[in-house]
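Following: one structure in structure tokens, then a few remarks.
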Number of protein chains: 2
Amino acid sequence: MANINEIARLAGVSVSTVSRVLNHHKYVSEEKRAAVQKIIDEMNYTPNRNAVDLIRGETKKIGVIIPYTNNQAFDQLLHGVLNRSVEKDYAIIVLPTKYNPDKEIEHLFMLKNKLLDAIIITSRANPWEDILPFTEYGSVISCEYTGHPEIGCSYMDRYASYLEVFQLLKDKGHRNIAFTTARGTESTSTRQTIAAYENVFGKLDRAYQQSDCFRFEDGYAAGQRLLSLDPRPTAVYANGDEVAGGIFKYAKSVGLDIPADLVIIGQENQPVGVGLDLSSLDHQLVKVGEQAFDLAMAKSKAKVETPYKLILRSSI
Amino acid sequence: MANINEIARLAGVSVSTVSRVLNHHKYVSEEKRAAVQKIIDEMNYTPNRNAVDLIRGETKKIGVIIPYTNNQAFDQLLHGVLNRSVEKDYAIIVLPTKYNPDKEIEHLFMLKNKLLDAIIITSRANPWEDILPFTEYGSVISCEYTGHPEIGCSYMDRYASYLEVFQLLKDKGHRNIAFTTARGTESTSTRQTIAAYENVFGKLDRAYQQSDCFRFEDGYAAGQRLLSLDPRPTAVYANGDEVAGGIFKYAKSVGLDIPADLVIIGQENQPVGVGLDLSSLDHQLVKVGEQAFDLAMAKSKAKVETPYKLILRSSI
DNA sequence: ATGAAAGCGCTAACAG
DNA sequence: CTGTTAGCGCTTTCAT
């Protein structure tokens with residue numbers, strides 16, 4: 001395909017003039033500008049962005065590290081990021097990790113490779129110490145709060161939100177509460193859930209926590225296990241509405257009434273929760289994602305909190 | 001940051017030798033290789049992939065054109081693409097269009113700009129004639145069948161699947177059937193839905209079709225309208241399980257029994273459908289996405305069909 | 001206002 | 001086996 005040299009030759013000008021036309025510089029005579037534009041149109045020429053990026057040293061590309069792409073919570077974050085990227089004309093590269101630490105580091109190297117201007121970490125598998133070195137090569141934004149000053153954060157106060165849920169359940173008279181989490185205690189949100197629980201109800205009996213819950217089926221299985229405990233929980237907090245939906249389905253299948261026999265609260269206000277009329281702790285992840293993009297683009301290291309909402313429906 | 005010249009200087013060799021070490025060429029003496037590697041490690045050097053891409057003329061990046069990113073169907077396709085991209089070490093760039101034809105063309109230009117090796121179109125807003133010219137610059141894969149030989153296709157036989165659904169409903173004795181679609185007749189799948197309907201039931205009364213259905217709320221509103229028709233439909237086919245969920249919720253709210261008073265069939269086997277035990281026409285979009293990636297990577301122009309599955313639950 | 005020339009960081013003939 | 005050299009396609013001083 002044609003390149004800038006050919007355009008210059010055909011238009012009878014130098015490459016610098018073509019470059020000036022391309023980049024809308026002033027100080028180009030109208031005649032030359034027109035002549036160059038004519039050739040550009042004739043040749044159907046477009047600059048090679050790769051070459052432009054190389055010389056400019058920036059790519060207008062932002063990576064988003066995401067453990068699971070078939071997960072509503074991460075999809076909401078990604079959706080928020082994409083919302084803004086379209087307006088701002090940035091390209092978004094999705095970087096799935098399945099929480100594999102090596103894969104995550106491999107993705108972070110794209111920053112060093114000059115393939116990315118910034119990276120947004122929706123959830124991480126590596127300790128911050130292993131991530132911090134990469135801030136030297138580009139902006140790193142986290143969707144989880146961290147005090148590290150090198151890292152910009154667009155986050156919500158998970159701990160406070162969990163506290164509110166557990167406190168509400170306590171106020172309603174519940175004493176046997178179960179909950180589900182995605183990962184185990186290697187994850188910040190799991191630790192925060194446990195801390196909030198223990199703040200309200202005291203020491204947790206680990207039998208009442210079910211890890212590895214991501215999808216509907218996981219919720220169903222969790223319901224099966226948790227609802228056969230003695231004493232049976234009268235309320236369960238699920239780390240997602242899909243999981244809550246699975247618990248709901250199992251509970252119904254064994255004849256339990258919601259909410260008389262079992263209160264269910266889900267998370268992230270997803271369609272399945274709306275459909276089953278489940279209460280949901282909405283962390284407003286779309287907004288968090290949008291904010292994360294803005295921080296990334298601005299290379300800001302600010303810490304920005306987005307408020308959560310507790311949506312009460314008939315399941316409580 | 002250090003570049004290849006500096007590494008060469010420090011290691012006391014030429015840049016070509018460094019390049020050879022970097023690319024694991026043979027014919028590099030073990031001593032030089034070691035010397036170069038030592039400097040690379042010391043300097044914590046990584047090649048600038050932008051420069052590599054520029055000279056190689058390929059980017060190992062594939063774009064995915066997606067109308068809506070908060071939509072389960074497209075997310076399934078994207079999920080499939082990402083599944084394979086991680087294995088094959090390709091970067092995936094998400095290109096949202098909201099069915100804006102200009103935005104779509106803008107994205108296609110990334111192929112011409114040498115920013116992308118291939119583009120996967122999950123759904124399009126432009127006629128094929130406007131898309132075809134871009135096949136000159138890279139591989140274009142469609143998730144909808146088209147006879148154009150320049151376009152590789154990973155698709156499912158939508159028409160046959162719709163036909164099966166409507167035939168099933170007819171066999172079960174239904175005569176008044178309503179259905180929802182995403183867009184209007186500018187969309188292939190809408191046209192195919194109508195064609196399949198008319199093949200089975202004859203001329204469609206347009207009142208029984210509801211367009212612009214994407215999310216749960218749209219389904220609820222559609223239910224409201226469709227279920228007040230006279231005669232009231234005894235079955236409704238929804239273009240997604242979220243939409244089906246909305247219809248379900250409205251139907252329940254006015255005291256209808258599912259399936260006695262109303263049969264509901266959704267699409268794509270999504271969590272909300274599982275939760276509400278709705279039957280669903282599963283086009284296996286994850287597989288379609290995986291296949292699309294394989295075609296894109298191989299620069300294949302093959303037409304590959306993925307079979308659909310009709311999942312029957314209690315809503316029929 | 002315009003052009004020559006020096007890169008951006010890397011790869012790959014080519015010669016030796 | 002190794003180095004020299006000519007690019008990849010573009011931007012940006014620096015003169016004029």
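Since we're looking at a predicted model, the values are computed, not measured.
In this structure, B/Glu87 places its CD atom where more than 12 heavy-atom neighbours from other residues, nucleotides or ligands lie under 6.0 Å away.
In the set D/dT2, C/dG3, D/dG9, D/dT2 carries the atom at the smallest distance from any side-chain atom of B/Tyr27. Listed nucleotides D/dC10, C/dT11, D/dT12 differ in distance to A/Ser16; the shortest reach to its side chain belongs to D/dT12. Set against D/dT4, D/dC10, D/dG7, the side chain of B/Ile55 has D/dG7 as its closest nucleotide. Among D/dT2, D/dT11, C/dT11, the nucleotide with an atom closest to any side-chain atom of B/Ile4 is C/dT11. Distance from the side chain of B/Ser29 is smallest to D/dC1 among D/dC1, C/dT2, C/dA12.
Along DNA chain D, the nucleotide nearest to A/His25 and the one nearest to B/Arg33 differ in position, and the one closer to the 5' end is contacted by B/Arg33. Residue whose closest nucleotide on DNA chain C sits further toward the 5' end, between A/Glu31 and B/Leu22: A/Glu31. Of the residues near DNA chain C, A/Val15 and A/Lys26, the one whose nearest nucleotide (by heavy atom distance) lies more toward the 5' end is A/Lys26.
The distance from atom CG of A/Leu115 to atom C1' of C/dC10 is 14 Å, rounded to the nearest whole Å. As a whole-Å value, the separation of A/Ile7 CD1 from D/dT11 P is 13 Å. In this structure, CG of B/Leu54 is placed 12 Å from P of D/dT11, rounded to the nearest angstrom. Atom-to-atom, CG of A/Asp53 to P of C/dC8 comes out at 17 Å; the value is rounded to the nearest Å. Between the NZ atom of A/Lys112 and the C1' atom of C/dG9 there is a distance of 15 Å, given to the nearest Å. C/dG9 atom P lies 16 Å from atom CD1 of B/Ile40, rounded to whole Å. For A/Arg56 and D/dG9, the CZ to P distance is 17 Å, given to the nearest whole Å. In this structure, B/Asn5 atom CG and C/dC8 atom P are separated by 8 Å, rounded to whole Å.
Regarding contacts with the backbone of C/dT11, a side-chain N or O of B/Asn23 is found under 4.0 angstrom from either OP1 or OP2. Residue A/Thr17 has a polar side-chain atom (N or O) positioned under 4.0 Å from OP1 or OP2 of C/dG3. Under 4.0 angstrom from either OP1 or OP2 of D/dC8 there lies no side-chain N or O belonging to B/Lys114. For A/Asn48, no side-chain nitrogen or oxygen approaches OP1 or OP2 of D/dG9 to under 4.0 Å. The shortest distance between the side-chain N/O atoms of B/Ser19 and the OP1/OP2 oxygens of C/dT11 is below 4.0 Å. For C/dC8, neither phosphate oxygen OP1 nor OP2 lies less than 4.0 angstrom from any side-chain nitrogen or oxygen of B/Asn50. Between A/Tyr45 and D/dC10 there is a side-chain N or O to OP1 or OP2 distance below 4.0 Å.
Nucleic acid contact class of B/Val13 (heavy atoms, under 4.0 Å, all strands): sugar-phosphate only.
Residue-to-nucleotide contacts include a donor-acceptor pair under 3.5 Å from the side chain of B/Arg20 to the base of D/dG3.
One side chain, B/Thr46 or A/Lys112, offers a donor N or O that lies under 3.5 Å from an acceptor on the other.
Annotation: cation-pi pair B/Arg20/B/Tyr27 absent, no NZ/CZ under 6.0 Å from the ring centroid and within 45° of its normal.
Screening B/Lys303, B/Arg124, B/Arg191 for a salt bridge (charged side-chain N to carboxylate O under 4.0 Å, His left out) involving B/Glu144 leaves a single residue, B/Arg124.
Taking 4.0 Å as the cut-off between side-chain N and carboxylate O, B/Lys287 and B/Glu290 do not count as a salt-bridged pair. Between A/Asp212 and A/Arg183, none of the side-chain N atoms (NZ, or NE/NH1/NH2) sits under 4.0 Å from a carboxylate O, so this pair counts as no salt bridge.
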